[in-house]
Amino acid sequence: MSAECLEYEVTNRGAEPVDVSVSFGWSGSGARPSFDPGATQSAVAPGASVRGRISRQEGGGMPSFPPLSASPTPSGRVGPAPGVKVVKVRSVPTAEAPSTGGACPASGVRVYADQGDAAMGLRAVGLHLENCGTRDVVLDGFPQVQVLDEAHAPVPSVRVLEGGSAISTGTSTERSPRRFTVPPGGKANAGLVWRNTNDASSDPVNAPYVRVRAVPDAAPVMVTPELDLGTTGQLGVGAWAPEGS
């Protein structure tokens with residue numbers, strides 16, 4: 001350990017390999033980072049602990065780093081550390097991890113979510129599909145989505161709507177569904193939209209993950225849009241459309 005790097009350790013307490021992301025923040029006095037550093041570990045085996053390191057440069061200019069340990073169990077419990085804090089721990093099954101590049105998945109398609117947009121309590125996240133295989137992919141309607149909590153368990157209180165018009169107008173989630181073909185190398189997009197309005201009707205719902213199937217028989221992909229649904233209890237899902245349409 002030196003003042004030039006932060007060493008961390010992640011432990012998979014689940015039953016399947018996971019890809020883990022850890023977001024760090026600065027809680028000490030003095031110089032602050034220009035951004036909150038993050039780290040990712042791929043394919044952490046069940047029961048395994050993996051160590052990683054972030055350099056001072058990667059950490060955005062933090063003057064020094066103390067040791068830190070994070071346990072990316074589905075519950076996301078972490079231990080405290082002076083100066084540097086764990087802001088968030090997220091894990092997705094390696095078999096369901098989204099990808100934007102690299103080897104083409106066995107399904108022949110890549111599915112991933114973008115960083116989204118938030119304004120005046122309205123949230124919107126894009127879902128993207130790329131046909132990286134050798135066969136045409138036919139899309140017809142809406143992606144199938146399942147809202148999951150920190151333990152990767154379904155959240156039955158959330159109502160998933162086909163189309164986002166009940167939540168907001170003027171978003172791409174209002175498009176009418178249609179059947180079309182995505183050729184090899186082609187792309188398509190859909191979207192998620194929700195509001196984080198809160199009232200006294202129930203407890204707010206925060207669900208980090210969404211399991212997405214491009215079509216009903218497709219392999220699932222787990223994305224992390226960090227749904228802060230408030231007490232609205234609704235998530236709108238837009239229909240697939242050719243990218244750029």
Side-chain angles (χ1 to χ4, degrees), residues 21 23 74-76 87-93 96-98 100 109-130 139-180 182 187-245:
S21 62
S23 299
S75 64
V87 177
K88 183 169 55 181
V89 179
R90 295 292 182 246
S91 65
V92 301
E96 299 183 32
T100 58
V109 297
R110 294 190 183 98
V111 176
Y112 59 94
D114 60 30
Q115 295 298 309
D117 184 37
M120 300 294 289
L122 178 66
R123 314 291 200 236
V125 168
L127 297 177
H128 301 270
L129 179 147
E130 177 184 355
L139 298 177
D140 185 7
F142 301 85
Q144 292 193 346
V145 304
Q146 184 181 37
V147 178
L148 306 175
D149 64 16
E150 287 192 4
H152 298 166
V155 183
S157 62
V158 177
R159 182 184 177 195
V160 177
L161 308 175
E162 291 188 342
S165 59
I167 294 173
S168 177
T169 58
T171 71
S172 61
T173 57
E174 299 174 81
R175 295 178 299 205
S176 298
R178 62 187 176 100
R179 183 183 178 91
F180 64 98
V182 184
K187 299 179 180 180
N189 58 57
L192 306 175
V193 63
W194 71 96
R195 291 191 180 275
N196 72 333
T197 307
N198 287 274
D199 57 33
S201 61
S202 60
D203 293 331
V205 174
N206 294 295
Y209 308 106
V210 171
R211 179 173 279 130
V212 180
R213 285 180 169 84
V215 295
D217 60 348
V221 173
M222 190 181 295
V223 298
T224 313
E226 300 290 346
L227 302 178
D228 55 341
L229 298 166
T231 56
T232 62
Q234 293 183 334
L235 172 67
V237 182
W240 287 116
E243 186 167 281
S245 63

**Q** Report the C-alpha separation of W240 and D140 in whole Å, then their side-chain angles, then the decisive distance to 0.1 Å, and conclude whether the side-chain hydrogen bond (donor to acceptor under 3.5 Å, both in side chains) test is met.
**A** CA-CA 7 Å; W240 287 116; D140 185 7; over 6 Å; no
**Q** Can you confirm whether D203 is buried at CG, in the sense that more than 12 heavy atoms of other residues, nucleotides or ligands lie under 6.0 Å from that atom?
**A** no
**Q** Quick one: CG on L229 to CG on N206, what's the gap to the nearest 0.5 Å?
**A** 7.5 Å
**Q** Run through V193, L192, L235 and flag the one making a side chain to side chain contact (heavy atoms under 4.5 Å, CB included) with I167.
**A** V193
**Q** Could you check if a side-chain atom of V221 sits within less than 4.5 angstrom of a side-chain atom of E96, using non-hydrogen atoms only?
**A** no
**Q** List the atom of V155, the atom of D149, and the distance in Å for their closest heavy-atom pair.
**A**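 V155 and D149 have their closest heavy atoms at CG2-N, 3.7 Å.
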**Q** If you round to the nearest 0.5 Å, how far is CG of L161 from CD of Q234?
**A** 4.5 Å
**Q** Between R90 and E226, does any NZ, NE, NH1 or NH2 come within less than 4.0 Å of an OD or OE carboxylate oxygen?
**A** yes
**Q** Which atom names give the shortest non-hydrogen contact between A214 and A218, and what distance separates them?
**A**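 That would be N-CB, 4.0 Å.
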**Q** Checking side chain to side chain contact (heavy atoms under 4.5 Å, CB included) for the pair V215/L139: CA distance, chi angles, key distance, verdict?
**A** CA-CA 7 Å; V215 295; L139 298 177; 3.8 Å; yes
**Q** Using every non-hydrogen atom in the two residues, find where P225 and V125 come nearest and quote the distance to one decimal.
**A** CB-CG2, 4.1 Å
**Q** Spell out, as yes or no, whether a donor-acceptor pair under 3.5 Å connects the side chain of N196 to the backbone of W194.
**A** no
**Q** Within a strict 4.5 Å, meaning less than it, do heavy atoms of the T231 and T197 side chains meet?
**A**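 Not in contact.
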**Q** Can you find a heavy atom in the side chain of S168 that is under 4.5 Å from one in the side chain of R123?
**A** no
**Q** List the atom of P143, the atom of G238, and the distance in Å for their closest heavy-atom pair.
**A** CD-O, 3.3 Å
**Q** Please test H128 against E243 for side chain to side chain contact (heavy atoms under 4.5 Å, CB included), starting from the C-alpha separation and ending with a verdict.
**A** CA-CA 8 Å; H128 301 270; E243 186 167 281; 4.0 Å; yes
**Q** Would R110 and Y112 count as a cation-pi pair here, with the cationic atom under 6.0 angstrom from the ring centre and within 45° of the axis?
**A**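 R110 over Y112 ring: no.
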**Q** Would the distance check show the side chain of H152 and the main-chain N or O of Y209 forming a donor-acceptor pair, the cut-off being under 3.5 Å?
**A**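 No, the answer is negative, given that no donor and acceptor are paired below the 3.5 Å cut-off.
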**Q** First locate atom OG1 of T100, then atom CG of D114, and finally report the distance between them rounded to the nearest 0.5 Å.
**A**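 Here the interatomic distance stands at 11.5 Å.
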**Q** Among residues at least two apart in sequence or on other chains, which ones pass ring-ring contact (aromatic ring centres under 6.0 Å, His included) with F142?
**A** none
**Q** For a quick test of reading the model, state the closest non-hydrogen atom pair linking V111 to P98 and the distance between them.
**A**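 In this case the closest contact between V111 and P98 is O-CB, 3.3 Å.
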**Q** Under the 3.5 angstrom rule, does the side chain of S23 hit a backbone N or O of V87 as a donor-acceptor pair?
**A**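 Side chain of S23 to backbone of V87: no pair is present.
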**Q** Taking all heavy atoms of E150 and all of P208, pick out the closest pair and write down the distance.
**A** CG-CG, 3.6 Å
**Q** Can you tell me how far apart CD (Q144) and CZ (R213) are? Round to the nearest 0.5 Å.
**A**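 Going from the CD atom of Q144 to the CZ atom of R213 covers 7.0 Å.
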